Amino acid sequence: MSDIPEHSQSDDDLPEQLRVRRDKRDRLLAGGTEPYPVEVPRTHTLAQVRAAHPDLPADTQTGDIVGVTGRVMFMRNTGKLCFATLREGDGTELQAMLSLANVGEESLSAWKSDVDLGDHVFVHGEVITSKRGELSVMVDAWQLTSKAMRPLPVAHKEMSEESRVRQRYADLIVRPRAREVVRTRANVLRALRDSFHGRGFTEVETPMLQTLHGGASARPFTTHSNAFDMDLYLRIAPELYLKRCVVGGIEKVFEINRNFRNEGSDSSHSPEFAMLEYYEAYATYDTIADLTKQLVQEAAEAAFGSQIVTLHDGTEYDLSGEWASITMYESLSEALGEEVTPETTAEKLHAVAEARGIEVDPKLTHGKLVEELWEELVGDHLYAPTFVRDFPEETSPLTRAHRTKPGIAEKWDLYVRGFELATGYSELVDPVIERERLTAQSTLAAGGDEEAMQLDEDFLRALEYGMPPTGGAGMGVDRLLMALTGLGIRETILFPLVRPE
RNA sequence: GCGCCGUUAGCUCAAUAGGCAGAGCAGCUGGCUCUUAACCAGCGGGUUCGGGGUUCGAGUCCCUGACGGCGCACCA
């Protein structure tokens, strides 16, 4: 994209179409016409005009005089009668007609010479229908409200994926679907909040600038505070703060906000992503799974009016009813045709991986091996919504051990359309065990494991005051949008991170 | 981080074997009082991503850098 600095370039250096529009602006100003007026006497929105005249026959005069505004999306100028399609923010369009008889020679020729595709205009006149039946304003006066200096992207060809992301504003102007996704996202977020509020949850906002990084296994971004003269981390998860809330008596708590992870970026990962986490005292990973299912179903219902959603490629995806539930060890055993349990040795699992031609890091221990093999053999093939329960205890340092099955943690992952949408736990609340787990993590961190958590003494102190038995879960909000729409993560995030041009 | 592919007019794209850089839309001029991606006639618009090289001649071949897409690795 050519970014033209405001003053460092003479008009001669501008691309032709930008120069033409700049010349028009200069000419208007020189002639005493303000191309960017402060206000205009708008009396109706385009939607109001449409709503007031739903079913007029062709060639009707209503006697209704309105002043309306919009961006010029199409122009069809003939000798003595000009047509323009105006569009306002919600996508509503309305036609403006300018005839020589109504506006006069000077005004009509000014329209033809001054107004370009993409300009914002105000038009005043009578609401009519054209001879072809199109609802229109027969203009008696008009005025530019904002002169565009850049031509619109072609409306009939999709912008390239890169242009859409880099210039989302232009994407939003020309592509109704882009605007629809923004509104769908807003509806989903509102539905989530409504679902929580309806169940007595309290929304909180916890720090995104943190002095320690913890709450998940992920590489953090670092930054620096001048005032405190210390390095800080952008948070990778709100978990440890939300648990402090539960300790403090905010026993049904949720947060929707950003996490930052200094890791890969692809069609389902973004360095900056929206996270929903929720914790409920006296819930377990069973009840929190049920809540999670309801959240997703209620979001689908609110955004699309149905729990069977139509994805971007036109296929339907059914989120209704009960969802499948499998356990990690059983489903892995089934896929392998041989029993895998928490007692199965790492040596044995390495042998299994090799026999299957699955490459794994030879340093991996039991827990990570089981997860790796499971993802390869089972997870990647899950399409219908499925809870995968009972993870290896070793890889879940913040999770309570299973109440009856040794070596297993009360943790589930929710898979939807082949990717991980959410994860839930019966939270570990024993401060002594928690200290052991986090100490082990911090030893890993000190040993160079960039994903391992640091020892958060303040968090442990909070737990030592006593945290009630609690169920908790986290859901990727961008991924929820992906699940509901079938779009990639860069389409569900309005302004995803891109390198500067 | 590695591999493959790509970057050409405002936008979306084409360009034979290395031989005059094109189209549609958009823009400009003129015409047209019922158009719907209007139409008709004419015209203009390019650092072919940047730098270097080979060649009589490079959008095209080679080297290098930037940016992007996809795959792999990491991750949610």
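In what follows, every heavy atom counts, from backbone to side chain, and hydrogens, waters and symmetry copies are set aside. Predicted model, so just to flag it, every value in this text is computed and none were measured.
- Contact annotation for A:R479: base contact, defined as any heavy-atom pair under 4.0 Å involving a base atom.
- Using a 4.0 Å heavy-atom cutoff across all strands shown, A:R261 reaches at least one base atom of the nucleic acid.
- The phosphate of B:G68 (OP1 or OP2) has a side-chain N or O of A:R499 nearer than 4.0 angstrom.
- Of the side-chain N and O atoms in A:R21, none sit less than 4.0 angstrom from OP1 or OP2 of B:A26.
- A donor N or O paired with an acceptor N or O is found under 3.5 Å between the base of B:G10 and the side-chain atoms of A:Q17.
- A donor-acceptor pair shorter than 3.5 Å cannot be found between the side chains of A:R479 and A:T492.
- Across all strands shown, nothing is found opposite B:U36 as a Watson-Crick or G-U wobble partner with both distances under 3.5 Å.
- In this structure B:A41 sits in a base pair with B:U29, meeting the Watson-Crick or G-U test at under 3.5 Å.
- Side-chain nitrogen and oxygen atoms of A:K157 include none within less than 4.0 Å of the OP1 or OP2 phosphate oxygen of B:U12.
- Residues A:W142 and A:L144 meet the side-chain proximity criterion, which asks for heavy atoms closer than 4.5 Å.
- In terms of the salt bridge (Lys or Arg N to Asp or Glu O under 4.0 Å) criterion, residue partners of A:E180 (sequence neighbours excluded) are, by chain and number, A:R177.
- No contact: A:R164 has no heavy atom under 4.0 Å from any strand.
- At the heavy-atom level, A:F273 lies under 4.0 Å from base atoms of the strands shown.
- Residue A:S163 has a polar side-chain atom (N or O) positioned under 4.0 Å from OP1 or OP2 of B:U12.
- Nucleotide B:C2 forms a Watson-Crick or G-U wobble pair with B:G71, both donor-acceptor distances falling under 3.5 Å.
- Judged as a ring pair (Phe, Tyr, Trp, His ring centres under 6.0 Å), and not counting sequence neighbours, A:F419 has no contacts.
- Rounding to the nearest 0.5 Å places CZ of A:R164 at 7.5 Å from CZ of A:R168.
- Of all nucleotides present, only B:U7 satisfies the Watson-Crick or G-U wobble test against B:A66, with each distance under 3.5 Å.
- As judged by a 4.0 angstrom heavy-atom cut-off over every strand, A:Q95 is placed among the base-contacting residues.
- Proximity of residues 112-125 of chain A to RNA chain B (heavy atom under 4.0 angstrom from any strand atom) is restricted to A:D116, A:L117.
- Residue A:H156 contributes atom NE2, which lies 10 Å from atom C1' of B:A26 at whole-angstrom precision.
- Side-chain contact check for A:R389 and A:Y285: at least one donor-acceptor pair (N or O, by modelled atom type) lies under 3.5 Å.
- At a threshold of 4.0 angstrom between heavy atoms, the contacts of A:S265 with the nucleic acid are absent.
- Using modelled atom types and a 3.5 Å distance limit, the side chains of A:E277 and A:Y279 yield a donor-acceptor pair.
- No contact: A:T423 has no heavy atom under 4.0 Å from any strand.
- Nucleic acid contact for A:A216: none, since no nucleic acid atom lies under 4.0 Å from a heavy atom of the residue.
- Pairing for B:C61 is with B:G53, a Watson-Crick or G-U wobble pair whose two hydrogen-bonding atom distances lie under 3.5 Å.
- Judged purely by distance below 3.5 Å, without hydrogens or angles, the side chains of A:D290 and A:Q294 pair a donor atom with an acceptor atom.
- Between A:S160 and B:U12 there is a side-chain N or O to OP1 or OP2 distance below 4.0 Å.
- At the heavy-atom level, A:M97 lies under 4.0 Å from base atoms of the strands shown.
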